[in-house]
Participant: 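Sharing a structure with you now.
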There are 2 protein chains.
Amino acid sequence: MAATKDPRPCSIADALTLVGEKYSLLVLREVCLGNGRFDQLVRNIGAPRDILATRLRRLVEAGILTKRAYSERPQRYEYRPTQAGLELEPVLMTLMAWGDRHLRKDDDRPMVIEHICGNELVPLVTCQACGGTVDHADLTAHPQAPGWTVAGPSAA
Amino acid sequence: MAATKDPRPCSIADALTLVGEKYSLLVLREVCLGNGRFDQLVRNIGAPRDILATRLRRLVEAGILTKRAYSERPQRYEYRPTQAGLELEPVLMTLMAWGDRHLRKDDDRPMVIEHICGNELVPLVTCQACGGTVDHADLTAHPQAPGWTVAGPSAA
DNA sequence: CCTGTGAGTTGGAAAATCAAACCCATTAAG
DNA sequence: CTTAATGGGTTTGATTTTCCAACTCACAGG
């Protein structure tokens, strides 16, 4: 009998094993803001230095960040997002918008993002095909993995 | 001098204190799929039962899930997303799309989402004002919190 | 009566986090 | 020349979480 330990195969889960650990998405936030230096990350995120070092290694090896020297003698490094890292920014924006809407009173947003169009960014998640916004009621899930239905594993 | 422990005030960080712990977003995934029962969550997520119980309590108290009895005698409960919970689904869809693009070869997506328009959902994050997609190069951040610049704390 | 299901709780070992101190190279100040 | 500061970490030891298996409780079925 197989192990009772095969969770649903899922790209959300896979993405979270890379960026779901504590502080990882905050590292990405700072790095996208242009703050890629170690001490800056420590101050702006408030994470322990050793944990931060671990996360940075992991994000670099995952291809989400790159480490580059901005000075030889003395050697000094900074972290910058890769293309894959930059493509996580929409996730951050969507999460920030959710936090602004549900966790704050009125308009006390700690950060406003300006879009190139000149307006304040209010991110919407839309369907590429029809352009409509993505709402729960409009979605139907189709698991592709063999042995899995929406409800769970079939015929264990 | 103040404590050296005031991280940047940020709705991303605040949102992550609620849904950033291990398994929390996977719980939301399952609950959005309609799988709100305890043993179903254990099987489909692969999380330890005690941790799951802790997460469920937290998500309920945060107003992201509700606990409902679907049977008295014997008492049996299920968890369902609140409106706030449903509004996190776009975050999940965006994260899933990122995982599909960057963590998988070709078209071996473990799950396909169908939009009501009849097409496969490819989520795009767009600007509500102009409708354009959200790319890093088009964004400018404006911190609103006193004492904070994009780079970090000003004049501690 | 014995077994099974659903929804958890309990106990103890293993792993991760935390804060503070330390290290190394280089530059700046007195 | 000695002392202090900066940047980018590593080390150490105490505290928290996580993990896993076993257990509980209430009811239902055969």
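Hydrogens, waters and symmetry mates play no part in the numbers below; they use all other heavy atoms, side chains included. Lettering follows sequence order; numbering is per chain, from 1. In this text the structure is predicted, and so the values were computed from the model without any measurement.
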Participant: For B:L124, is there any backbone N or O sitting under 3.5 Å from a side-chain donor or acceptor partner on A:T126?
Facilitator: yes
Participant: Report the distance from atom CG of A:N44 to atom C1' of D:dG8, rounded to the nearest whole Å.
Facilitator: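 It is 16 Å, rounded to the nearest whole Å.
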Participant: Rounded to the nearest Å, what distance is computed from the CZ atom of residue A:R58 to the P atom of nucleotide C:dA16?
Facilitator: 11 Å
Participant: Can you name the salt bridge (charged side-chain N to carboxylate O under 4.0 Å, His left out) partners of B:R68, sequence neighbours left out?
Facilitator: none
Participant: Under 4.0 Å from OP1 or OP2 of C:dA16: is there any side-chain N or O of B:K22 that close?
Facilitator: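 For B:K22, the contact criterion (side-chain N or O under 4.0 Å from OP1 or OP2 of C:dA16) is not met.
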Participant: If a pair satisfies salt bridge (charged side-chain N to carboxylate O under 4.0 Å, His left out) and one of its residues is in residues 115-142 of chain A, list it, with sequence neighbours excluded.
Facilitator: A:R109-A:E120
Participant: Test: salt bridge (charged side-chain N to carboxylate O under 4.0 Å, His left out). Region: residues 15-36 of chain B. Which pairs qualify, not counting sequence neighbours?
Facilitator: A:R8-B:E30, B:E21-B:R58
Participant: What pairs with A:W148 under ring pair (Phe, Tyr, Trp, His ring centres under 6.0 Å), at least two apart in sequence or on another chain?
Facilitator: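 Residues passing ring pair (Phe, Tyr, Trp, His ring centres under 6.0 Å) with A:W148: none at all.
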Participant: Looking at B:R55, does any N or O in its side chain come under 4.0 Å of the phosphate oxygens OP1/OP2 on D:dT18?
Facilitator: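 Affirmative; the distance criterion is met.
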Participant: Considering residues at least two apart in sequence or located in another chain, which fulfil the salt bridge (charged side-chain N to carboxylate O under 4.0 Å, His left out) criterion with B:R49?
Facilitator: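 For B:R49 the salt bridge (charged side-chain N to carboxylate O under 4.0 Å, His left out) partners, ignoring immediate neighbours, are B:D39.
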Participant: In whole angstroms, how far is the C1' atom of C:dT5 from the CZ atom of B:R43?
Facilitator: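 Going from B:R43 (CZ) to C:dT5 (C1'), I get 10 Å.
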Participant: Nearest-Å distance, CD (B:E21) to P (D:dT18)?
Facilitator: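 Value for this atom pair: 6 Å.
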Participant: Tabulated below should be each protein N or O lying under 3.5 Å from an N or O of nucleotides 7-10 of chain C; please produce it.
Facilitator:
| unit_1 | atom_1 | unit_2 | atom_2 | d |
| --- | --- | --- | --- | --- |
| C:dA7 | OP1 | B:Y70 | OH | 3.2 |
| C:dA7 | OP1 | B:Y77 | N | 3.2 |
| C:dA7 | OP1 | B:Y77 | O | 2.5 |
| C:dA7 | OP2 | B:F38 | N | 3.2 |
| C:dA7 | N7 | B:R49 | NH2 | 3.2 |
| C:dG8 | OP1 | B:K67 | NZ | 2.9 |
| C:dG8 | OP2 | B:Y79 | OH | 3.0 |
| C:dG8 | N7 | B:R49 | NE | 2.9 |
| C:dG8 | N7 | B:R49 | NH2 | 3.0 |
| C:dG8 | O6 | B:R49 | NE | 3.2 |
| C:dT9 | OP2 | B:R57 | NH1 | 3.3 |

Participant: In chain order, what residues pass the salt bridge (charged side-chain N to carboxylate O under 4.0 Å, His left out) check against A:R76, with sequence neighbours excluded?
Facilitator: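 Expected list: none.
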Participant: Could you work out how much the helix from C:dC1-D:dG30 to C:dG30-D:dC1 bends, comparing the axis of its first five pairs with that of its last five, to 10°?
Facilitator: 10°
Participant: Specify the separation, in whole Å, of atom CD1 of A:I51 and atom C1' of D:dG9.
Facilitator: 14 Å
Participant: For residues 78-100 of chain B, pull every pair meeting salt bridge (charged side-chain N to carboxylate O under 4.0 Å, His left out), keeping only residues two or more places apart or in separate chains.
Facilitator: A:R101-B:E87
Participant: Whole angstroms only, please: what is the NZ-P distance between A:K5 and D:dC19?
Facilitator: 7 Å
Participant: Has the side chain of B:T82 got a donor or acceptor atom that lies under 3.5 Å from a matching backbone atom of B:G85?
Facilitator: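 Yes, B:T82 side chain to B:G85 backbone: donor-acceptor pair under 3.5 Å.
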